[in-house]
Amino acid sequence: MASVTVFMVAEKPSLAESISKILAPNGQYQTRKSYTPVHEYNGQFRNQNARFKFTSVTELSNRTCIQSHNNWDATDPLELFTAPTLKLEANSKQHITKHLQNESRGADYVVLWLDCDREGENICFEVIDNVINSMKEPQKTKENRILRAKFSAITHTDIRRAMDNLVYPNKNESLAVDARQELDLKIGCAFTRFQTRFFQGKYGNLDSAVISYGPCQTPTLSFCVSRHDQIQSFSPEPFWSLAVTVARKNNNDKDKEETLLHWKRERVFDRQIARIFENCVKEANEAIVISVKSERKTKSRPHALNTVELLKHGSSALGIGPHDMMSIAERLYMQGYISYPRTETTSYPKNFDINAVLRTQQAHGVWGSYASELLENGVHKPSGGVDVGDHPPITPMRKAEEGELSGDTWRVYSYVTRHFLGSISPDMRYIRTTAIIKINNEIFECSGSRVDRAGFTSILYSRTSSDTFIPEYKEGERLDITNVKLTEGQTHPPDYLTESEVIGLMEKHGIGTDASIPVHINNICQRNYVKVEGNARRLVPTNLEKIDPDLSLPTMRSDVEKQLNYIALGQAKFKDVLDHSLKLFSAKFKYFTEKIGEMDQLFEATFSVIAETGKIMSRCGKCRRYMKYIASRPQRLHCKTCDETYSLPQNGSIKPYKELKCPLDDFELVLFSTGSDGMGYQLCPYCYNYPPFENISKGMGCNKCTHPTCPQSMIRNTVCPCPQAEVTGCKGRLVLNATLSTQWNLCCNSCNLVSAFTDKLKAVSVTKDEYCDDCGSSILKIEFSKNQTREPLEGCILCDDEISSLLKTR
DNA sequence: GCAAGGTC
């Protein structure tokens with residue numbers, strides 16, 4: 001019988017392996033090392049003998065970039081909304097692309113085992129793009145040979161069922177993700193650039209390199225800010241409360257217990273009225289017990305552990321921030337101590353072998369006997385929780401003793417294991433007794449509770465809740481009043497949100513995912529919008545937090561999500577939704593830029609205007625007055641008279657330099673030193689050129705070898721693009737310079753006009769003996785720095801729009 | 001230098 005090849009792809013290596021284990025006959029397969037491992041086995045597929053090849057992707061995701069609009073200075077942010085976007089390969093993607101192409105060569109079928117959510121569907125289509133041309137008979141394959149496995153848990157039944165019911169990938173769901181990516185990118189970039197530029201040009205002590213905006217990070221920040229506003233606008237109110245103690249009659253003095261009662265009215269806000277109540281109680285001779293009730297109560301064991309719960313507990317109880325928590329959990333997972341730490345699921349899947357996990361902990365030095373007891377007496381099946389079908393809950397995978405893991409790693413492992421044990425332990429049971437006591441006509445109560453069965457609390461908490469006792473009162477019993485006191489208090493504002501509360505709010509409003517919540521919180525901390533304070537880890541906004549309220553509502557995200565849903569369900573076209581949303585946000589953006597004056601007033605209250613900050617540094621080449629140096633990030637120079645801000649190289653110190661002037665533009669030079677090598681560079685803050693200037697200004701050509709027509713430097717045939725050329729008759733030629741390694745610029749050797757590349761470029765060179773067909777200028781080759789992932793450009797500096805858009809002329 | 005979403 002003929003044999004077919006079935007090529008299968010999972011989202012990560014661990015999944016390819018565990019699914020192979022389930023599907024391969026007798027769990028037997030061969031593993032071959034490649035970019036990611038490939039598992040192979042023989043079996044049956046659609047009644048044919050088949051060779052299965054199962055591999056995975058890791059970092060396939062494409063990055064979307066906005067072509068030719070990377071220059072912050074040359075692009076109006078509003079243009080970003082209509083600019084074309086590009087899907088570009090991440091560096092390491094080249095390997096995975098090749099890997100997929102090689103491994104799928106000659107395949108008859110492709111089965112996609114990517115996570116069953118929209119992101120997964122989107123990756124399906126990326127995989128398809130990469131394998132389609134390697135498959136046997138590519139033109140025929142599209143419809144019925146590329147198949148999607150839909151699974152919700154990594155269990156035998158679920159995986160087998162998925163294999164027997166293969167479907168087709170859903171293009172609409174994938175398109176919804178494409179739309180989200182494009183929207184997030186364009187909106188994020190436009191607002192971030194505008195905000196950053198606007199405020200950095202104006203204020204001196206903004207302590208952040210960038211003032212970012214995003215549909216997740218901004219609402220996250222706004223939770224913290226609205227609590228801050230509540231606290232600021234809070235005015236305390238005085239209140240009065242009655243504290244009454246009673247004691248049983250007929251008791252000897254020595255064991256006469258006094259019990260503090262709780263006033264049913266709690267407190268009143270009027271002093272006069274409080275006095276009336278106080279007198280009313282003071283007039284009474286005794287208190288009467290009206291009723292005594294005992295109730296059995298239970299506190300339920302926790303659901304199985306998911307990521308959000310782990311993060312919340314980490315922050316509130318262990319003092320470990322979400323970002324650190326994830327890297328610790330990641331490490332524990334990689335070393336095989338715990339299961340996959342990114343999951344939303346809070347209930348153990350049906351086939352989850354709880355006892356097997358328990359057995360791994362039986363010999364544990366701390367909780368081994370507890371685990372054994374559970375095994376003997378039977379576990380308490382967890383109730384409630386949801387199986388989202390992504391990954392099983394977070395559980396321990398193998399035993400680790402305290403000495404084996406260090407510090408926080410051990411504390412996290414210990415919590416994961418205790419939580420697991422707690423989630424299958426009996427509920428906590430306690431008895432609560434409440435006595436209602438009347439004094440004149442005022443009602444008081446007191447209550448106590450006694451733990452009947454500690455249940456899960458004995459393993460999950462280091463301290464189990466202790467009992468509180470009250471005397472065994474009887475109905476109708478009369479008590480002595482031993483003390484009546486009117487106490488005065490003040491209402492307090494709510495406290496700042498704890499990190500744990502913010503995580504809860506994000507989850508509730510659907511902001512971010514289990515994987516990205518720590519990233520968003522980390523972002524707003526790192527960019528100085530909030531600070532984590534105290535052991536309780538409360539997020540307190542800094543001065544940077546004032547953003548337009550309309551744009552920071554958590555509903556911003558969910559409204560967009562609604563639109564995206566229509567795409568996913570096939571009820572709306574990708575383009576229509578995208579156009580609609582882009583138009584909407586572009587209108588919001590226009591409104592925002594017009595209204596920024598109002599926001600500005602808020603800023604003026606907390607920040608000093610740039611002209612009033614900084615220290616005097618060097619003279620401006622235009623007005624000849626002194627400019628001020630602003631040290632807060634990003635360091636820059638500001639000229640008050642011209643109202644201009646000039647950027648400086650970062651990560652180094654700036655000093656005045658001998659009052660020497662740049663021959664090109666009259667700006668005074670500064671000394672830039674990085675400290676690490678102790679070397680200083682003399683630098684013109686305006687054109688970024690550095691000595692020897694005399695060569696440039698004399699039109700001598702190369703500023704390295706000083707040769708007037710050095711081929712390395714001179715763009716031989718390129719006339720100066722200076723706008724005054726026709727008037728001034730400038731016939732200069734351009735000289736190519738590089739200053740401070742990445743700042744490339746072109747300088748006219750006659751009129752000294754400088755055009756600088758503001759993007760970070762790896763290299764700019766002149767293509768030898770190639771000239772533009774239209775104007776005869778030299779052809780320029782531009783290579784971008786690594787992190788830009790842009791293809792090199794080649795073209796004429798005067799005629800090629802893309803190249804000239806990279807240049808800013810000063 | 002800018003988003004958010006996956007993965008390592």
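Naming: A, B, ... by sequence-line order, numbering from 1 per chain.
Regarding A:Asn122, its CG atom lies at a distance of 13 Å from the P atom of B:dT7, rounded to whole Å. In this structure, A:Ile123 places its CD1 atom 11 Å from P of B:dC8, rounding to the nearest Å. In this structure, CG of A:Leu114 is placed 18 Å from P of B:dG5, rounded to the nearest angstrom. Atom CD1 in A:Ile187 sits about 12 Å away from atom C1' in B:dA4, given to the nearest Å. Atom C1' of nucleotide B:dG5 and atom CD of A:Glu11 are separated by 10 Å, given to the nearest angstrom. Remark: C1' of B:dC2 and CZ of A:Phe81 are 12 Å apart, rounded to the nearest angstrom. Across the protein-nucleic acid pair, A:Phe125 atom CZ and B:dG5 atom C1' stand 18 Å apart, rounded to whole Å. Nucleotide B:dG5 holds its P atom 8 Å from the CD atom of A:Glu561, rounded to whole Å.
With hydrogens and angles ignored, a donor-acceptor pair under 3.5 angstrom links the side chain of A:Arg197 to the base of B:dG1.
A side-chain donor-acceptor contact under 3.5 Å links A:Ser34 and A:His99. A:Ser212 and A:Thr192 are not linked by any side-chain donor-acceptor pair at a separation below 3.5 angstrom, with hydrogens and angles left out of the test.
Between A:Gln217 and A:Lys12, the one whose closest nucleotide on DNA chain B sits nearer the 5' end is A:Gln217. Two residues, A:Tyr340 and A:Ala190, neighbour DNA chain B, and the one matched to the more 5' nucleotide by heavy-atom proximity is A:Ala190.
Candidate nucleotides B:dA4, B:dC2, B:dT7 were compared by shortest atom distance to the side chain of A:His391, and B:dT7 ranks first. Picking from B:dC8, B:dA4, B:dC2 the nucleotide with the shortest atom distance to the side chain of A:Thr192 gives B:dC2.
Between B:dG5 and A:Ser516, a contact under 4.0 Å exists linking OP1 or OP2 to a side-chain N or O. Dashed line: the shortest gap from a side-chain N or O of A:Arg342 to OP1 or OP2 of B:dT7 is under 4.0 Å. Dashed line: the shortest gap from a side-chain N or O of A:Thr513 to OP1 or OP2 of B:dG6 is under 4.0 Å. Using a 4.0 Å cut-off, no side-chain N or O of A:His520 falls inside it from OP1 or OP2 of B:dA3. Between A:Gln181 and B:dA3 there is no side-chain N or O to OP1 or OP2 distance below 4.0 Å. For A:Arg527, a side-chain nitrogen or oxygen approaches OP1 or OP2 of B:dC2 to under 4.0 Å.
Stacking annotation: A:Trp72 is stacked on the base of B:dG1 (ring centroids less than 5.5 angstrom apart, interplanar angle below 30 degrees).
Applying the ring pair (Phe, Tyr, Trp, His ring centres under 6.0 Å) test to A:Tyr340 and every residue at least two apart in sequence or in another chain returns A:Tyr333, A:His391. Applying the side chain to side chain contact (heavy atoms under 4.5 Å, CB included) criterion to A:Val519, with sequence neighbours excluded, gives A:Asn523.
Nucleic acid contact for A:Gly512: sugar-phosphate only, since backbone atoms but no base atoms lie under 4.0 Å from a heavy atom of the residue.
Within the 6.0 Å centre-distance limit, the rings of A:Phe81 and A:Phe589 are counted as a close aromatic pair. Taking the six-membered ring wherever Trp is involved, the centroid distance between the rings of A:His509 and A:Phe223 falls below 6.0 Å.
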